[in-house]
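Reading through the structure tokens given below for one structure.
In the text below, chain A, chain B and the rest are named by the order of the sequence lines, each starting its count at 1.
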Amino acid sequence: MKYVIQVNEGPYNHEASTSALNFVRAALDAGHEVFRVFFYHDGVNNSTRYTTPPQDDLHIVNTWSDLASKNDLDLVVCVAAAQRRGIVDEGEQERNGKDGNNIAPGFRISGLGQLVEGCIQADRLVVFGD
Amino acid sequence: MKYVIQVNEGPYNHEASTSALNFVRAALDAGHEVFRVFFYHDGVNNSTRYTTPPQDDLHIVNTWSDLASKNDLDLVVCVAAAQRRGIVDEGEQERNGKDGNNIAPGFRISGLGQLVEGCIQADRLVVFGD
Amino acid sequence: MSDIKNFLYLNRRAPYGTVYAWESLEVVLIGAAFEQDVSLAFVDDGVYQIMKGQDTSELGIKNFSPTYSALGDYDVQKIYVEKESLDARGLTVDDLLDLKYEDEDDDWAEKDSIKVVSADELAKIIDDSDVVLSF
Amino acid sequence: MSDIKNFLYLNRRAPYGTVYAWESLEVVLIGAAFEQDVSLAFVDDGVYQIMKGQDTSELGIKNFSPTYSALGDYDVQKIYVEKESLDARGLTVDDLLDLKYEDEDDDWAEKDSIKVVSADELAKIIDDSDVVLSF
Amino acid sequence: MPILHTVNKSPYERNSLDSAISHALKGSSVIMFEDGVYGAMKGTAHADKVSGAMKDVSFYVLGPDLKARGIDESKLIDGVKVVDYSGFVQLTVDNDKVSAWT
Amino acid sequence: MPILHTVNKSPYERNSLDSAISHALKGSSVIMFEDGVYGAMKGTAHADKVSGAMKDVSFYVLGPDLKARGIDESKLIDGVKVVDYSGFVQLTVDNDKVSAWT
């Protein structure tokens, strides 16, 4: 089965991103394909490498990055949502004249079309949000 | 009347930060003192200079920065909440080994004690949140 | 499975209080380029999204409600509004934007996009879709 | 106004689904250093915060419920739980953590921190406070 | 000591308005703003709760949030008073404290 | 075409569970997770809605979210089945699509 996963909330404030992580892990464990994880709304805040959560809590951003690198996951951050909320990669940094960027390894910023295309390609869309 | 304002949600995803901006402006217009604005929970996301909202929409972060500079406002971002969500100033950058920072002008990162002390000093606490 | 999927955008939130209404609409606009079969449903507080007369000038934020009137140009012709949700909120279809599309199979006649449906009918619309995007 | 204010922390959200419960507790812990008169109220879904037996190991996130048991050491002695909220959720005080404090005016006798109150009593507790922090 | 209760959520989606009313003593005030303004509309499933509480509690609604949502003042429950942001600020002055029901 | 409806909010705070049940056809399934798991507890103000819908709709609850919140399985409404994350994934396989009620 081929999945596209949508994550609508940022880390810590809502359980959504933890739920999505656990779901993605379980889907991979069961031998399914996760075609794409699409971060939308405040979900784009999962992708900043600037977080430093307490050591006794889950490091959500790093967990996404590790999961992506081990499973070749496509973690896509919506560009329009990212611009409203301050998530920047090198391309966005240049385009919008920012003095730095904060995207974490394994994430890429792209358009909403990636969500729609994901829904067309995949067998299932599963949404984690508020 | 002396106010402390608490902002619990990030820009755009919830109306809370716009409401807080409008309330603070009205309070200042009426001659009241805004002793402190405290950003907590996802509210810390009001303080990143990396946002580039659409040109036909309100630039919430810049509006806070302008309001602070014109009215000498104390915009305090909770350090614990900021660490979980990736808001970094120069001090936090050094302390947590980050390769950059994203805090916008006019904001400062400090402890939760600033909220409690604000409540002790001020006549009124007004909370804007989800 | 056919090449064209039935996309249902399920809108359940009021506008402005949260961004979901507006960012849902952004997906609909972008999604139009993919030429899928698109329906929009407004249920629960989602019915408030298409109330007419919205004016955000005193809040200083963007009024995105005119965009709903452009949906016909994006080939979005099926807009379902749940009757039970309208009734509970004291609203009728007269309180809503007058959304139209031009029917290319009927000499481009202008037709109403909005169809008021019951909860049971909406359940079947959900059932008939291939992908449900919830906002 | 006296130098010491009555701080009321009004907790209305379930734990884990959102961060408000935990970040409210962080304010209480830091606030203790300011030696104000502190009360906590658990109402609506907030009563779920202090259910006993919480175990987050399978989710992989931090279980912060043991911190409630430490509140007595932070001089938090007044913890109000609304009866109507418990009743609607099929809960009794036996489902809740056994929160205690040591009463320095009574030879450090261990006493219950939790007091179950009605909505009317809680309304008066809100009324008697100087600052209401809502989470 | 009168209190201003703030409600910023729709009464259809959340329990905020119900909770605020259940905990509002005689003489206190409730302001509905953001998505809370839907609680001020008449002819709805929730209107009776507001009308019923009105003999003890004063109800206000924020005009700029009403306009944003296309709600004409003629649709408001009788007795709910419309204020702008300066009126909202004045309510926080006239009451001794503010309690937020989100 | 069976559907899996996901509910992640408490039935006391939001209308998500009500809405999901109102739109669940015979043969569909509902999974309660995150704060949605409170909807699976018996002896509560909302339990009758779940029991009443059970002849047409199958109800599931996510075990890890139950444990996190200290809810013992003995407190669940009769007929609600506990699944772990791999069971959640399997439900999305067994149904043709997923509809999220947040």
Sort Glu9(A) into side chain, backbone, both or neither according to what part of it lies under 4.5 angstrom from a heavy atom of chain B. side chain

Answer yes or no: is there a donor N or O on one side and an acceptor on the other, between the side chain of Lys98(A) and the main chain of Thr51(B), under 3.5 Å? yes

Report, as yes or no, whether the 6.0 Å neighbourhood of atom CD on Glu94(A) holds more than 12 heavy atoms from other residues, nucleotides or ligands. no

Asn101(A) versus chain B, the contacting section by heavy-atom distance below 4.5 Å: backbone

Pro54(A), Ala80(A), Pro11(A), Gly10(A): which one forms the most heavy-atom pairs within less than 4.5 Å of chain B? Pro54(A)

Greatest number of non-hydrogen atom pairs under 4.5 angstrom with chain B, of Gly97(A), Ala81(A), Gly100(A), falls to Gly100(A)

CD of Glu33(B): more than 12 outside heavy atoms within 6.0 angstrom? yes

If I take atom CG from residue Asn96(A) and atom OH from residue Tyr50(B), how far apart are they, to the nearest 0.5 angstrom? 12.0 Å

Polar contact flag, side-chain donor to acceptor under 3.5 angstrom, Arg84(B)-Asn13(A): no

CG/Asp72(B): more than 12 non-hydrogen atoms of other groups inside 6.0 Å: no

Any Arg95(A) side-chain heavy atom under 4.5 Å of Thr52(B) side chain: no

Would you give the length of the straight line joining atom CG of Asp42(A) to atom CG of Asp42(B), rounded to the nearest 0.5 angstrom? 5.5 Å

What class does the angle between the rings of His14(A) and His14(B) fall in, given that below 30° is parallel, 30 to 60° is tilted and above 60° is perpendicular? parallel

CG (Asn102(A)) and CG (Asn102(B)) are apart, to the nearest 0.5 Å, by 6.0 Å

Out of His41(B), Gln93(B), Arg85(B), return the one with the most heavy atom pairs under 4.5 angstrom to chain A. Arg85(B)

For Gln121(A), is the CD atom crowded, meaning more than 12 foreign heavy atoms sit under 6.0 Å from it? yes

